[in-house]
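Every number for a ligand or one of its atoms is a count from 1 in the order of the listing.
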Amino acid sequence: MPTLAKTKTRAEDIVARCKRLASFSEDSGSVRRTFLSPPMHDCHREITKWLTAAGAEVKVDAAGNLRGFYAASQSTPPRLLLGSHLDTVPNGGAYDGVLGVLIALALVESLEGRRLPFAIEVLGFSEEEGVRFGTPFIGSRALVGRLDEELLQRQDVNGISVRTAIENFGLNPAEIPRAILSDDTLAYLEFHIEQGPVLESIGRPLGVVEAIAAQTRMEFVFVGRANHAGTTPMHLRHDAIPAAAEWILAVERTAQSYPDLVATVGRIEAKPGAINVIAGEARVTLDLRHKSDHERAHAIDVLLRLAQEIVERRGVSLRQRTLLNQRAVAMDPFLVDQIEKAVGSAGCQPHRMISGAGHDAMILAEKIPAAMIFLRSPGGISHDPAESVEVEDVAKALECGLHLLDQLASSSEFQKRTCRA
Ligand SMILES: [Zn+2]
């Protein structure tokens with residue numbers, strides 16, 4: 001195990017590198033690096049330099065994922081994947097995704113040429129946020145064989161398809177199948193900033209992710225009757241807006257009283273939308289998440305019943321449609337236990353938690369055991385230039401990662417595992 005001073009220096013380097021990579025942006029003055037945009041070349045060039053110096057062999061697969069292979073002590077060993085994503089949202093921060101890739105790199109550097117019984121493949125996914133094509137996880141989908149023709153044909157706002165974007169970046173879409181996980185893959189581990197306030201609120205630097213939350217996105221349309229705001233008495237109205245408003249408050253009340261549920265109405269749109277007209281239609285969105293699929297479905301039922309009761313009482317009607325239903329994804333229980341132990345060995349009190357946001361680990365978990373470690377997000381802020389991380393927390397993450405690698409290197413149970421693909 002490296003000295004604490006050395007780990008602290010490496011943590012400072014990681015933060016400095018995150019800031020350096022943040023300068024590779026499509027926009028001047030803020031970070032925006034979408035799927036295979038020109039600044040991604042610069043990002044790849046920098047990380048390749050660091051990975052090569054650490055003894056890894058680097059290539060970019062046909063989906064634009066950067067892959068650094070650090071060989072094992074044996075000639076044909078299994079491999080452990082460590083990484084996160086390199087794309088960002090518009091006006092993003094310097095740490096979402098990138099930090100996980102650079103921690104993976106620093107773990108390889110910390111080995112200082114020492115070889116483990118398994119190889120380490122450092123992954124910098126090309127796309128996680130879904131900004132350019134409206135579809136997230138293009139990078140990790142390629143690894144599980146889900147970068148299909150339909151996705152390749154999707155177009156960005158300039159009419160450029162995923163396929164053309166890949167070609168324009170100098171890659172060959174015909175080679176996408178070669179990006180698929182090899183049979184010798186043991187597991188995927190991802191360090192990521194929490195992007196929320198929980199760890200800060202309990203004063204702990206690291207979180208152990210047990211599952212990625214189930215998520216439902218819906219649209220509710222409350223339909224009333226538009227009419228004159230001056231001539232229609234209150235008792236003769238069928239006003240869509242108060243009906244929607246009553247339901248929105250019911251959503252908030254329900255989520256407040258329902259353990260582990262988060263529910264958000266993030267958009268309201270009224271028609272015709274004039275100051276002197278009673279609204280004939282109020283369209284609102286619902287984003288609802290829970291760690292359990294069963295509880296999520298139950299909460300949706302409750303909110304539907306409440307909406308029905310409100311529209312009947314108010315003489316309006318309701319239409320609703322589901323835009324997304326994403327099942328909860330459990331992290332691998334063996335790895336979760338191992339991470340908890342490693343967090344303790346790094347001198348931190350472990351905290352098990354659910355990720356409310358989706359991550360590449362969720363996609364990889366379809367095929368191989370996957371797990372995540374969260375780092376405290378100061379102020380709970382993410383997807384914003386104010387996003388940050390504490391150097392001390394990065395040092396703790398590195399310490400935890402090194403303990404974890406040692407634990408896995410000495411675990412015959414872990415190394416016996418093979419790809420479920
Ligand atoms: Zn992210």
- State which residues pass ring pair (Phe, Tyr, Trp, His ring centres under 6.0 Å) with His383; sequence neighbours excluded, sorted by chain then number.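 So His383 forms no ring pair (Phe, Tyr, Trp, His ring centres under 6.0 Å) with any residue.
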
- Message: Taking ring pair (Phe, Tyr, Trp, His ring centres under 6.0 Å) as the definition, give me every residue that meets it alongside His359, ordered by chain and number, with sequence neighbours left out.
- Response: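 Testing His359 for ring pair (Phe, Tyr, Trp, His ring centres under 6.0 Å), a comparison that skips the adjacent residues, returns His192, Phe374.
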
- Item | Of all pairs that satisfy side chain to side chain donor-acceptor pair (under 3.5 Å), the ones with a partner from residues 261-274, not counting sequence neighbours |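 Found none.
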
- Under 6.0 Å between the ring centres of Phe169 and His44?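 Centroid separation for Phe169 and His44: below 6.0 Å.
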
- Around the Zn ion (ligand 1), list the protein N/O/S atoms within a radius below 2.8 Å, excluding water molecules.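 Less than 2.8 Å away from the Zn ion (ligand 1) sit His85 NE2, Asp96 OD1, His192 NE2.
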
- Item | Full working for side chain to side chain contact (heavy atoms under 4.5 Å, CB included) between Val223 and Leu318 | CA-CA 6 Å; Val223 184; Leu318 179 71; over 6 Å; no

- Taking it one step at a time, do Leu286 and Thr216 satisfy side chain to side chain contact (heavy atoms under 4.5 Å, CB included)? CA-CA 8 Å; Leu286 174 71; Thr216 293; 5.9 Å; no

